Amino acid sequence: MSEVFDSIAYKYDKTFTKTAVGKAQRISVWNYLKKKTLHEKYILELNCGTCEDAVFFAENGANILATDISAEMLNFCKLKIKPEFKDKIKLQKLDILDISELKSSGKFDYVFSNFGGINCVSIDSLIKFSSEIKKNIKPEGSIIMVIMSKFCLWEILYYSFKLDFKTAFRRFLNKKISVKIGDNEIDTYYYSPKKIAKAFKDYQIETKMPVNFAVPPSYLNSFFERHKKTLEFLIKIDKILGKLKLFAIFSDHFLIELKLKQE
Ligand SMILES: C[S@@+](CC[C@H](N)C(=O)[O-])C[C@H]1O[C@@H](n2cnc3c(N)ncnc32)[C@H](O)[C@@H]1O
């Protein structure tokens, strides 16, 4: 698995982070995070990729332990982190499945996972993770995850139009799906907010919201690079729909924030 992400790390920012759709998707997550107090908070980031979010957290005054399964992704983090943030962002190569190997100097205010890292983890491993991570979270802390959903309306319409019904409805299947990453394929698991809430049974849902119902999945970026005005319009729609929990099920990703139930 780590080799697959190692092999695409060099082009990850060019093909996602810096694209029009990639930026629009991330801004809706940042708009949510900006409502939180981040200053002096201690954040564990899972599947941090090239540290775009870790840098955002540092710019907002937080301290971050940014982790990823891919050593190459972490190498690109090293290039992105400016000298003034070197003390605020620490890096560790870590598989979500090996969370007990976390090298942390204290408990976290937030555990954060953006854009589908959780979709690389099976439900049984998620249940194990939800239990093991408990001891690393402050009592008032929370887990914030942005996860690819089971019913993405854009995907259904786009691939149905191309008469590729297998791909159009791939997320519905209650089994792992092979998804192409670069020249390889990885096992991917699509989740509903309900399934996540069930896996994290010792937690309660603080927030559940759509992330990009109107903004399309990133594989449609090339069209929207040429139609920026349309994308701007879709971003405006998402600003309204983002407040409606119902749309979480039908968007490309949903954001879920979970807090430990107090005993
Ligand atoms: C789509 S990228 C998202 C990266 C980043 N969070 C972002 O917002 O740009 C998925 C990331 O998950 C990482 N990943 C996949 N499976 C993982 C696992 N089991 N443990 C830790 N990281 C994993 C990959 O290396 C990759 O960097």
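When a ligand or atom number is given, it counts from 1 through the structure's own listing order. Since this is a predicted model, take the numbers as computed values, not measurements.
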Closest protein heavy atom (residue, atom, distance) for [atom]:
atom                    : answer
atom 3 (C) of ligand 1  : Y12 OH, 3.3 Å
atom 20 (N) of ligand 1 : I96 N, 2.9 Å
atom 22 (N) of ligand 1 : I69 N, 3.3 Å
atom 18 (C) of ligand 1 : D95 OD1, 3.6 Å
atom 1 (C) of ligand 1  : F115 O, 3.1 Å
atom 8 (O) of ligand 1  : R26 NH1, 3.0 Å

Determine the interplanar angle of the [X] and [Y] rings, folded into 0 to 90°, and report it as parallel if under 30°, tilted if 30 to 60°, perpendicular if over 60°.
X    : Y    : answer
F169 : F172 : perpendicular
F250 : F151 : tilted
F200 : Y203 : perpendicular

Can you list the atoms of ligand 1 that are under 4.0 Å from a heavy atom of [X]?
X   : result
L94 : 20 (N), 21 (C)
S70 : 25 (O)
D53 : 8 (O)
M73 : 27 (O)

Is the shortest distance from a heavy atom of [X] to ligand 1 less than 4.0 Å?
X    : result
G116 : no
L97  : no
D68  : yes

Heavy atom under 4.0 Å from ligand 1: found in [X]'s side chain, backbone, both, or neither?
X   : result
C48 : backbone
E52 : neither
F5  : side chain

Could you tell me whether E225 and K228 have a side-chain N and a carboxylate O separated by less than 4.0 Å?
yes
Any N or O of F16 closer than 3.5 Å to N or O of ligand 1
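No; the residue has no nitrogen or oxygen that sits under 3.5 Å from a nitrogen or oxygen of the ligand.
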With distance as the sole criterion, is a donor-acceptor pair present between the side chains of [X] and [Y] under 3.5 Å?
X    : Y    : result
T188 : N119 : no
W30  : D53  : yes
S142 : E257 : yes

Straight-line distance of Y10 OH to E72 CD, nearest 0.5 Å:
11.0 Å
Give the single entry among G49, S2, C120 that approaches atom 16 (N) of ligand 1 most closely by any heavy atom.
C120
Would you mind finding which of N47, V29, T17 brings a heavy atom closest to atom 5 (C) of ligand 1?
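Nearest option to atom 5 (C) of ligand 1, by heavy atoms: N47.
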Centroid-to-centroid, F112 to F57, below 6.0 Å?
yes
side-chain hydrogen bond (donor to acceptor under 3.5 Å, both in side chains) partners of K80, counting only residues at least two apart:
D13, T50, E52
What I'd like to find out is whether the side chain of S125 reaches to under 4.5 Å of the side chain of L97, using heavy atoms alone.
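Sidechains of L97 and S125: in contact.
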Contact check, side chains of Y110 and L38, non-hydrogen atoms, under 4.5 Å
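Side-chain contact under 4.5 Å: yes.
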